[in-house]
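Below you'll find the structure, written out as structure tokens, and then a few comments.
What you see below is based on every heavy atom in this structure, not just the backbone, and it leaves out hydrogens, waters and symmetry mates. The model shown is predicted, which means the values in this text are computed figures rather than measured ones.
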Amino acid sequence: MAQVAARAGVSGQTVSRVVNDSPRVDPDTRTRVEKAMDELGYRPHRAARALRTGRSQTIGLVVTTLATVGNSRMLQATAEAAAERGYALTLVTASNGVAAAFQSLAEQEVDGAIVLNEASAQVATTQRPRGLRLVVVDAQTDAGFVAVHSDHAGGAASATAHLMSLGHSAVHHLAGPVDSFAAAERERGWRETLVAAGLAAPVPARGDWSAESGYAAGEALAAASAVFCANDQMALGLLRALAERGRRVPEDVAVIGFDDVPDAANYRPPLTTIRQDFTALAHRAVDALVAEIEGADAASGPVVVPTLLVERASTR
């Protein structure tokens, strides 16, 4: 740091301010210091900074699987959001349970953790290490942590209302796993929208988020005229199952999904779906966790990210 200060013609304190992204440095000085850092190959020493500040500048991400599109997209978006805030990200899978994942993160001395989706179901019944700050994506609000989630129920309501607006008096649902908060909220939004319109809610078919489970639900949903699928991957499997049974989409069956995965526009036919903003979701989760870590004002209730109906050919 002293060498950087000498080359840039500033004090060591100014270099420290640049390294810590302080706003108390004018742009010309910051540029000069950053140029000197590049020329000398200077990098902040993370371990030394942790000793000085009491923080590792690292946050954990707990997942049960990366096989689902939502989790893999959240991993990328969370890593990018953390980097923008000056934090590194370490990934821990909860294959041996959330308690083991928390213990691993505690041993790595992370400043806090974000728990994703399926793993969130275990948080309420899992004791976490003392001092581990936590934000949970897709969970019921709890006094012990901040909850962040997409507007699953609102998105499901939009999907159901869209199908009803096309004249469908019976809207079936291909639901997600019973222990999933997101699946339960999407089912709730679908059911409440039908009930409010004076329509019966058929018994849902159920899958596990995979295209294979959507295909397997094809027999139960073959006679339906409109189906709201709890995610796009299950909708993909259902489209194949319906095609094999001679059911045309959208002429015979209108199908809508949830997530708006990158390939949704290339399904056959292109899939109407509810878009989740994974980038916004990750940023809100990281912002909430950093606020907890740095002692800023934390969210007092759940942080809800809006969803958007994207209409394509599968419901026209």
Evaluate the side-chain contact (heavy atoms from CB on, under 4.5 Å) criterion for residues V15 and V19: first the C-alpha distance (whole Å), next the side-chain angles of each, then the deciding distance (0.1 Å), finally the verdict. CA-CA 6 Å; V15 175; V19 168; 4.3 Å; yes
For the pair D287 and R85, evaluate side-chain contact (heavy atoms from CB on, under 4.5 Å) and give the outcome as yes or no after the intermediate values. CA-CA 8 Å; D287 287 348; R85 298 297 301 268; 2.7 Å; yes
Show your reasoning for whether side-chain contact (heavy atoms from CB on, under 4.5 Å) applies to V62 and L116. CA-CA 6 Å; V62 180; L116 288 190; over 6 Å; no
Apply side-chain contact (heavy atoms from CB on, under 4.5 Å) to residues S150 and L281 and explain how you reach the verdict. CA-CA 7 Å; S150 294; L281 194 62; 3.8 Å; yes
Could you go through H162 and T315, starting from their C-alpha distance and side-chain angles, then the distance that decides it, and tell me whether this counts as side-chain hydrogen bond (donor to acceptor under 3.5 Å, both in side chains)? CA-CA 9 Å; H162 173 63; T315 57; 2.9 Å; yes
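With hydrogens and angles ignored, the 3.5 Å screen pairs a side-chain donor or acceptor of N71 with a backbone N or O of T65. The backbone N or O of L309 lies less than 3.5 Å from no partner atom in the side chain of S158, so there is not a single donor-acceptor pair. The backbone N or O of V69 sits less than 3.5 Å from a side-chain atom of S72, completing a donor-acceptor pair. Between the side chain of T29 and the backbone N or O of V25, no donor-acceptor pair lies under 3.5 Å. Listed for the Q57 side chain is a donor-acceptor partner under 3.5 Å among the backbone atoms of G86. Looking only at distances, no side-chain donor or acceptor of R191 sits under 3.5 Å from a matching main-chain atom of A200. Listed for the T307 side chain is no donor-acceptor partner under 3.5 Å among the backbone atoms of R275. Of the possible polar contacts, none joining the T14 side chain to the V10 backbone as a donor-acceptor pair under 3.5 Å is found. Between the D260 side chain and the T273 main chain, no donor and acceptor come within less than 3.5 Å of each other. Side chain of S213 to main chain of S210: a donor-acceptor pair is present (N/O by atom type, distance under 3.5 Å, no hydrogens or angles).
Taking the ring centre of Y215 as origin, the terminal cationic atom of R240 falls inside the region bounded by 6.0 Å and 45° from the ring axis.
The minimum heavy-atom distance linking A5 with G12 is given by the pair CB-N, 3.8 Å. Of all heavy-atom pairs between A182 and D138, the closest is CB-OD2, 3.7 Å. The two residues R186 and A230 make their nearest non-hydrogen contact at NH1-O, 2.5 Å. Shortest non-hydrogen contact noted between A36 and R7 is CB-CG, 4.0 Å. Pairing each heavy atom of A205 with each of A217, the nearest pair is CB-CB, 4.3 Å. Closest non-hydrogen pair, D232 versus A264, comes out as OD2-CB, 3.9 Å.
Atom CD of E39 sits in a crowded spot, with more than 12 heavy atoms from other residues, nucleotides or ligands closer than 6.0 Å. Environment of CD in Q3: sparse, with no more than 12 heavy atoms of neighbouring residues, nucleotides or ligands closer than 6.0 Å. For N96, the CG atom is loosely surrounded, since the number of other residues' heavy atoms within 6.0 Å does not exceed 12. The number of heavy atoms from other shown groups lying within 6.0 Å of CD (E244) is above 12. Around atom CZ of R268, no more than 12 heavy atoms belonging to other residues, nucleotides or ligands sit under 6.0 Å away.
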Distance-only criterion, 3.5 Å: show the donor-acceptor pairs between side-chain atoms of residues 221-228 and protein atoms not counting sequence neighbours.
from	atom 1	to	atom 2	distance (Å)
S225	OG	H168	ND1	3.2

Check: residues 97-107 side-chain donor-acceptor pairs under 3.5 Å, at least two apart:
from	atom 1	to	atom 2	distance (Å)
S104	OG	Q108	NE2	3.2

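Distance check: D252 CG to L242 CG gives 9.0 Å after rounding to the nearest 0.5 Å. Remark: D208 CG to S180 OG distance equals 11.5 Å, nearest 0.5 Å. Between the CZ atom of R312 and the CG atom of N266 there is a distance of 8.5 Å, given to the nearest 0.5 Å. To the nearest 0.5 Å, atoms CG (D277) and NE2 (H283) are separated by 9.0 Å. Atom CG in D151 sits 10.0 Å away from atom CD in Q276 (nearest 0.5 Å). Considering CE of M37 and CZ of R30, their distance stands at 10.0 Å, rounded to 0.5 Å.
Checked options H152, H173, R206; the residue passing with E187 is R206 (criterion: side-chain hydrogen bond (donor to acceptor under 3.5 Å, both in side chains)).
In terms of hydrophobic clustering, with Ile, Leu, Val, Met, Phe, Trp and Tyr side chains grouped at heavy-atom distances under 4.5 Å, L271 and F258 are assigned to different clusters. Note on F278 and V261: separate hydrophobic clusters, where clusters join Ile, Leu, Val, Met, Phe, Trp and Tyr whose side-chain heavy atoms are under 4.5 Å apart, directly or indirectly. Under a hydrophobic clustering in which Ile, Leu, Val, Met, Phe, Trp and Tyr are joined whenever their side-chain heavy atoms come within less than 4.5 Å, directly or via other members, L132 and V115 fall into the same cluster. Taken together through direct or relayed side-chain contacts under 4.5 Å among Ile, Leu, Val, Met, Phe, Trp and Tyr, V255 and W190 form parts of separate hydrophobic clusters. When the side chains of ILVMFWY residues are joined at heavy-atom separations under 4.5 Å, either directly or via intervening members, V249 and V171 end up in two distinct hydrophobic clusters.
Two residues are said to be in side-chain contact when any heavy atoms from C-beta on lie closer than 4.5 Å; L199 and M164 meet this criterion. Contact of the R316 side chain with the E311 side chain is registered, since non-hydrogen atoms from C-beta on lie closer than 4.5 Å. Inter-residue side-chain proximity for V135 and F145 is flagged as unmet; no heavy-atom pair is nearer than 4.5 Å. Looking at heavy atoms from C-beta onward, V310 lies out of side-chain contact with I274 at the 4.5 angstrom threshold. Proximity of P269 to S314: side-chain heavy atoms (C-beta onward) are separated by under 4.5 Å at one or more points. Contact check for L289 versus Y87: no side-chain heavy atoms found under the 4.5 Å cut-off. Within the 4.5 Å cutoff, the side chain of P204 has no heavy atoms near those of the L174 side chain. Considering only heavy atoms from C-beta on, L66 comes within 4.5 Å of L91 through its side chain.
The residues R73 and D259 are annotated as not salt-bridged, no charged nitrogen and carboxylate oxygen being separated by less than 4.0 angstrom.
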